[in-house]
> 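Take this structure, written in structure tokens, and hold onto it; I'll ask about it next.
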There are 2 protein chains.
Amino acid sequence: MTNPSGQPAKKPLSLRERNRIATRDAIAEAAIQLAMLRGIHDVRIEDIAAEAGVSTRTFSNYFSSKYEALTCRHAQRMHHAAVALRDQPADKPLWSAIADAVLAPWQSSAAGLDTPSPETLAELRLLFCDSALQGEILKDVLNDRNEFAHAIGDRLGLDGRGLYCRLLSAAVTTVTQVTIDIFHEADPPAPLLPLLREALGLLSSAFPIPAPETGAAGKSEGKE
Amino acid sequence: MTNPSGQPAKKPLSLRERNRIATRDAIAEAAIQLAMLRGIHDVRIEDIAAEAGVSTRTFSNYFSSKYEALTCRHAQRMHHAAVALRDQPADKPLWSAIADAVLAPWQSSAAGLDTPSPETLAELRLLFCDSALQGEILKDVLNDRNEFAHAIGDRLGLDGRGLYCRLLSAAVTTVTQVTIDIFHEADPPAPLLPLLREALGLLSSAFPIPAPETGAAGKSEGKE
DNA sequence: GAATATATTGCCTATTGCGCAATATATGGT
DNA sequence: ACCATATATTGCGCAATAGGCAATATATTC
């Protein structure tokens with residue numbers, strides 16, 4: 001685990017944190033499994049907690065609702081993508097960096113290139129077909145958008161809080177969501193990567209990238 | 001019934017429907033007022049119902065949660081925008097039509113051109129500063145995206161369920177959200193219209209418009 | 001005005017979110 | 001290894017919520 005990119009050193013992860021993460025994952029996993037089995041609305045917190053081997057009270061210590069537990073995985077993926085943008089080499093073009101960052105959480109799960117696993121598809125269908133879960137997901141997306149916006153801002157030498165960066169990051173996250181939506185709908189399951197590249201390509205084809213200093217585009221960062 | 005645009009005739013609105021709409025509006029209004037006054041989380045359904053002059057049970061008949069009641073107004077605005085796209089003249093360029101449609105619900109409330117009213121701003125801040133409400137709003141946005149996508153599809157002669165239309169409608173709704181976000185944050189309150197035109201203009205140059213059938217005349221839609 | 005359809009309400013129950021205090025487990029210093 | 005401290009888990013209990021059911025009030029249709 002020697003870190004080639006010289007980023008934050010691997011965390012020693014105290015036992016306590018390990019346990020915490022383990023139970024959190026266990027709860028999330030139990031929630032997803034039960035929801036896929038019985039349907040979201042026929043699963044009670046009591047059931048999830050029992051399946052995960054904890055008390056209902058402990059469930060509440062980790063998640064404030066069952067929707068939060070269900071979307072936990074996906075929220076982690078999106079957050080992964082957001083921070084991955086910062087880990088991209090600085091000399092890589094913006095759109096390549098964005099595409100690779102968005103793909104980062106999927107490449108590790110091998111759903112990017114190969115035909116996606118049925119479980120992954122099932123989980124995504126679960127998440128993307130219920131509007132309550134979609135709403136829950138947005139809450140996480142909103143945080144990640146900030147992360148994206150600032151990463152983009154740093155990369156372009158712009159204010160991450162300005163109009164341009166916020167629009168761009170919002171567009172990227174939204175396009176990602178829609179692409180995943182289409183991805184899990186695809187009747188002959190297809191790998192995610194090409195879809196994502198196509199969608200981002202569509203977005204990037206003409207999205208103007210303002211020069212950091214030399215203002216050919218005339219628009220400043222918009223914030224006053 | 002004679003309708004210049006040939007769309008659904010003006011509804012006679014039976015008394016029952018009138019009452020229904022009235023109570024629904026009353027509840028939503030009460031919810032917003034109380035929430036602005038005391039803060040969202042210190043308002044109970046009981047309070048809202050009392051303020052609106054109905055029972056708590058009736059509240060539940062109209063809204064399945066207080067968040068839904070709070071976002072009702074905004075949901076109506078977004079829906080208004082979505083259907084307004086269909087009412088735009090067919091010969092208007094796509095991006096102009098989109099901009100006007102998105103502005104439609106605001107022009108009537110005079111917040112588009114003039115300096116926005118403090119109440120409107122306060123309501124928007126209420127809605128956009130709470131992540132739970134943001135999530136609630138997304139549920140409505142998801143429906144409207146379909147509306148947008150199909151309207152765009154009809155306009156361009158494309159399949160409203162295809163990748164392009166879905167991406168475009170998602171981008172439009174998202175950009176709108178972000179713009180409203182910036183709008184209510186603006187310290188010297190500024191009219192919404194210019195902001196929206198700027199944001200959509202930014203987006204419009206990002207999305208090339210494919211030729212519907214005749215491969216010519218293509219893409220010089222980059223209006224500003 | 002009578003017959004029918006729909007809306008409002010009260011009553012009741014299952015579920016949830018979370019504060020509080022007791023207990024179990026991990027951590028850090030000696 | 002042992003003890004003091006910090007954190008996690010759990011049970012208990014309460015306030016709030018979502019929604020089914022049936023009775024009553026109000027619209028609509030004929």
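We name chains A, B, ... by the order of the sequence lines, and we start the count at 1 in each one.
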> Below the 4.0 Å mark, does D:dT28 have OP1 or OP2 next to a side-chain nitrogen or oxygen of B:S14?
yes

> Please check the phosphate of C:dT8 (OP1 and OP2 only) for any side-chain N or O of B:S55 closer than 4.0 Å.
no

> Is B:E123 paired with B:R77 through a side-chain N to carboxylate O contact shorter than 4.0 Å?
yes

> Can you tell me how far P of D:dA8 sits from CZ of A:R20, to the nearest Å?
5 Å

> Separation of A:F63 atom CZ from C:dT16 atom P, in whole Å?
15 Å

> Could you tell me how far apart A:N19 (CG) and D:dA6 (C1') are, to the nearest whole angstrom?
15 Å

> Can you pull out the residues from residues 24-47 of chain B that lie within a 4.0 Å heavy-atom distance of DNA chain C?
none

> Does A:D130 reach the main-chain N or O of A:L133 with its side chain, forming a donor-acceptor pair under 3.5 Å?
yes

> Are the side chain of B:R24 and the backbone N or O of B:Y62 linked by a donor-acceptor pair below 3.5 Å?
yes

> Taking the basic N atoms (NZ, or NE/NH1/NH2) and the acidic carboxylate oxygens, is any pair closer than 4.0 Å for A:E29 and A:R73?
yes

> On the side chain of B:R57, is there an atom forming a donor-acceptor pair with the base of D:dG20 - under 3.5 Å, no angle test?
yes

> Rounded to whole Å, how long is the line connecting atom NZ of B:K66 with atom C1' of C:dT16?
13 Å

> If we ignore hydrogens and angles and just use 3.5 Å, is the side chain of A:S55 paired with the main-chain N or O of A:T58 as donor and acceptor?
yes

> B:L15 has an atom CG; how far is it from atom C1' of D:dT28, in whole Å?
10 Å

> In terms of relative ring orientation, are A:W106 and A:F183 parallel, tilted or perpendicular, with 30° and 60° separating the classes?
perpendicular

> Nearest whole Å is fine: how far is D:dA25 P from B:R16 CZ?
16 Å

> For A:Y62, report the nucleic acid contact type (base, sugar-phosphate, nothing); a contact means any heavy atom under 4.0 Å.
sugar-phosphate

> Is the backbone of B:V43 close enough, under 3.5 Å, to the side chain of B:K66 for a donor and an acceptor to pair up by distance?
yes

> Please report the distance, rounded to the nearest Å, between CZ in B:F59 and P in D:dA18.
7 Å

> Identify whether any heavy atom of A:T56 sits under 4.0 Å from a base atom; if not, whether one sits that close to sugar-phosphate; answer base, sugar-phosphate or nothing.
nothing

> Closest nucleotide of DNA chain C for A:S60 versus for B:G53: which of these residues is on the 5' side?
B:G53

> In whole Å, what is the span from the CG atom of B:N61 to the P atom of C:dT9?
9 Å

